[in-house]
Amino acid sequence: MKRIAVFTSGGDAPGMNACIRAVVRGAVYHGIEVFGIRRGYNGMINGDIFQMTSHSVSNIVQRGGTILKSARSKEFMTPEGRAKAHEQLQKFGIEGLVAIGGNGTFTGATLFYDEYGIPTVGAPGTIDNDLYGTDYTIGFDTAVNTALEAIDKIRDTADSHDRIFIIEVMGRDSGYIAIQSGIAGGAEMVMVPEVLTPISEVVNTLKQGFVRSKSSSIVVVAEGEEEGSAVEVAEKISKLIDEELDMRVTTLGHIQRGGIPTAYDRILASRLGLGALEGLMNGEKNVMAGVINNELVYTPFRDTIRLPKPISEDLLRMVKILSV
Ligand code: F6P
């Protein structure tokens with residue numbers, strides 16, 4: 001393989017730049033020409049493709065976001081969009097791709113390979129940590145630390161005013177950010193989409209807290225929680241508790257997506273970027289590079305897309321025990 005391209009797609013995640021750097025510097029090391037594609041699949045369709053050198057990725061290992069920009073492309077999901085993208089890749093002589101993103105990205109890459117035979121190796125870039133085939137995704141650790149910093153600050157006010165706070169963290173279909181930031185932040189309750197937590201259970205936990213003279217409580221709710229958003233959860237709690245509650249809701253939102261990546265995310269991203277590149281060079285295709293038990297592994301896209309990554313029941317049990 002003489003010429004490859006790298007792109008970021010889907011939601012940005014801290015550490016994506018460190019991953020791009022690893023792909024580019026790895027390619028230079030191995031004597032392969034490397035191109036960058038801006039704005040994910042949209043850039044592939046529009047030919048927004050440029051040659052990268054070692055210098056193109058100087059001074060980015062510490063930066064959040066992605067220098068290649070990102071997008072969720074609707075056009076690439078159409079056969080016409082993929083035909084245009086293929087035409088552009090042919091024009092640039094690109095033989096293989098490294099895709100940094102999540103399952104939407106890998107679904108597109110699989111369709112593209114079936115139609116045009118261009119191999120892709122993925123690196124898991126999403127704050128949600130919802131990808132089967134890796135213990136952690138790029139950006140997750142930073143997002144958890146960002147959420148935790150916010151929870152710690154909110155706890156000061158919860159304690160000073162004897163309040164209940166319902167805090168919503170990101171995770172469209174996944175409770176990983178919620179469970180980890182909740183445990184680290186000493187939350188009284190964590191609600192995740194993977195496990196049903198009836199409001200009555202939340203109310204019981206809060207009431208038991210009152211009985212034990214707890215004056216403040218924190219409930220962390222994942223965005224994709226079945227009982228609804230943090231606002232809806234707060235409304236449901238109010239309806240089930242007779243006492244007047246001093247309760248506030250905070251939605252952390254996109255602050256969790258940005259910022260300086262942690263050391264862990266930079267190292268993981270570097271390892272997975274180089275792993276994806278070297279996998280591609282060694283003939284891997286339609287697989288995602290991941291780290292499981294500290295070993296680099298390749299998992300077929302069909303599995304990362306299809307298989308769930310459940311949250312350990314142990315962690316949920318721990319929240320209950322430790323909040324007593
Ligand atoms: O997948 C990452 C993520 O941040 C989710 O946690 C969240 O639901 C979604 O992206 C938000 O996407 P957007 O930035 O497009 O609104």
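Quick caveat: nothing in here was measured; it's all calculated off a predicted structure. Residue numbers count from 1 along this sequence.
Within 6.0 Å of CZ on Arg317 lie no more than 12 heavy atoms contributed by other residues, nucleotides or ligands. Heavy atoms of other residues, nucleotides or ligands lying less than 6.0 angstrom from CD of Glu226 number 12 at most. Taking a 6.0 Å sphere around NZ of Lys214, one finds it holds more than 12 heavy atoms contributed by other residues, nucleotides or ligands. Within 6.0 Å of OH in Tyr29 there are 12 or fewer heavy atoms belonging to other residues, nucleotides or ligands. Residue-environment remark: CD1 (Ile260) stays at or below the threshold of 12 foreign heavy atoms within 6.0 Å.
Partners of Thr107 according to the side-chain hydrogen bond (donor to acceptor under 3.5 Å, both in side chains) rule, which considers only residues two or more places apart in sequence or in another chain, do not exist here. The ring-ring contact (aromatic ring centres under 6.0 Å, His included) check on Tyr136 picks up Phe140, Tyr264, with sequence neighbours excluded. Among residues two or more places apart in sequence or in another chain, the side-chain hydrogen bond (donor to acceptor under 3.5 Å, both in side chains) test is passed with Ser56 by Thr53. Under the ring-ring contact (aromatic ring centres under 6.0 Å, His included) criterion, Phe165 pairs with no residue, sequence neighbours left out. Take Tyr176 and apply the ring-ring contact (aromatic ring centres under 6.0 Å, His included) test, not counting sequence neighbours, and it matches no residue.
Grouped by direct or indirect side-chain proximity (heavy atoms under 4.5 Å, Ile/Leu/Val/Met/Phe/Trp/Tyr only), Ile199 sits with Ile164, Ile166, Met189, Met191, Val202, Val203, Leu206, Phe210, Val219, Val221, Val231, Val233, Ile237, Leu240, Ile241, Leu245, Met247, Val249.
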* Intermediate values then yes/no, side-chain contact (heavy atoms from CB on, under 4.5 Å), Val190 and Leu315 -> CA-CA 10 Å; Val190 177; Leu315 295 181; over 6 Å; no
* For the pair Ser229 and Thr251, evaluate side-chain contact (heavy atoms from CB on, under 4.5 Å) and give the outcome as yes or no after the intermediate values. => CA-CA 9 Å; Ser229 67; Thr251 300; over 6 Å; no
* To do: Check step by step if side-chain contact (heavy atoms from CB on, under 4.5 Å) holds for Glu201 and Lys320.
  => CA-CA 11 Å; Glu201 198 180 319; Lys320 280 194 193 137; 3.3 Å; yes
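Pairs engaging residues 6-21 under the side-chain hydrogen bond (donor to acceptor under 3.5 Å, both in side chains) rule: Thr8-Thr66, Ser9-Thr105, Asp12-Arg257 [sequence neighbours left out]. Applying the side-chain hydrogen bond (donor to acceptor under 3.5 Å, both in side chains) test to pairs two or more places apart or on separate chains, those with a residue in residues 112-123 are Arg82-Glu115. Identified under the side-chain hydrogen bond (donor to acceptor under 3.5 Å, both in side chains) test for residues 300-310, with sequence neighbours left out: Asn103-Thr304, Asn129-Lys309, Asp303-Arg306.
Checking side-chain atoms of Thr134 against main-chain N and O of Thr137 turns up no donor-acceptor pair under 3.5 Å. Remark: side-chain polar atoms of Asp265 are paired, donor with acceptor, to backbone N or O of Gly139 under 3.5 angstrom.
Looking at Thr197 and Glu227, their side chains never come closer than 4.5 Å, going by heavy atoms from C-beta outward. At least one side-chain heavy atom of Glu95 sits under 4.5 Å from a side-chain heavy atom of Lys2. A 4.5 Å side-chain heavy-atom check between Asp162 and Asp246 finds every atom pair outside the cut-off. Looking at Leu316 and Glu194, their side chains never come closer than 4.5 Å, going by heavy atoms from C-beta outward. Using a 4.5 Å heavy-atom threshold, the side chains of Val195 and Ile311 count as separate. For the pair Ile37/Leu97, a side-chain contact is recorded, criterion being any heavy-atom separation below 4.5 Å from C-beta on.
Tracing side-chain contacts under 4.5 Å through hydrophobic residues (I, L, V, M, F, W, Y), one never reaches Ile127 starting from Leu131; they form parts of separate clusters.
Atom CD of Glu223 is separated from atom CD1 of Ile177 by 8.5 Å, given to the nearest 0.5 angstrom. Rounding to the nearest 0.5 Å gives a distance of 9.0 Å between CD of Glu244 and OG of Ser238. Distance check: Leu252 CG to Glu168 CD gives 8.5 Å after rounding to the nearest 0.5 Å. Here the CE atom belonging to Met44 is positioned 9.0 Å from the OG atom belonging to Ser73, to the nearest 0.5 angstrom.
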Distance-only donor-acceptor pairs under 3.5 Å for side chains of residues 268-285, two or more places apart:
| unit_1 | atom_1 | unit_2 | atom_2 | d |
| --- | --- | --- | --- | --- |
| Ser270 | OG | Arg266 | O | 2.7 |
| Arg271 | NH1 | Asn294 | OD1 | 2.9 |
| Arg271 | NH2 | Asn294 | O | 2.8 |
| Glu278 | OE2 | His30 | NE2 | 2.7 |
| Asn282 | ND2 | Glu278 | O | 3.1 |

For residues 83-94, run the donor-acceptor check on the side chains, cut-off 3.5 Å, and write out each pair with its distance to 0.1 Å, sequence neighbours left out.
| unit_1 | atom_1 | unit_2 | atom_2 | d |
| --- | --- | --- | --- | --- |
| Lys84 | NZ | Glu75 | OE2 | 2.8 |
| Gln88 | OE1 | Lys91 | NZ | 3.4 |

Atom pairs and distances, donor-acceptor, side-chain atoms in residues 143-152, under 3.5 Å, two or more places apart:
| unit_1 | atom_1 | unit_2 | atom_2 | d |
| --- | --- | --- | --- | --- |
| Asn145 | ND2 | Asp141 | O | 2.8 |
| Thr146 | OG1 | Thr142 | O | 3.0 |
| Glu149 | OE2 | Lys153 | NZ | 3.4 |

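Side-chain contact annotation: Arg25 with Ser54, donor-acceptor N/O pair under 3.5 Å present.
Residue Ser174 forms a side chain to side chain contact (heavy atoms under 4.5 Å, CB included) with just one option from Val192, Asp130, Ile179, and that option is Asp130. Applying the side chain to side chain contact (heavy atoms under 4.5 Å, CB included) test between Ile100 and each of Thr126, Leu68, Val6 identifies Val6 as the sole match. Each of Phe112, Phe106, Phe7 was compared with Tyr41 under the ring-ring contact (aromatic ring centres under 6.0 Å, His included) criterion, and only Phe7 meets it.
For Glu188 and Arg155, the salt-bridge test passes: some basic side-chain N is under 4.0 Å from an acidic carboxylate O.
Summarising the geometry of Pro261 relative to Gly15, their closest heavy-atom pair is CB-N, 3.7 Å, with the distance given to 0.1 Å.
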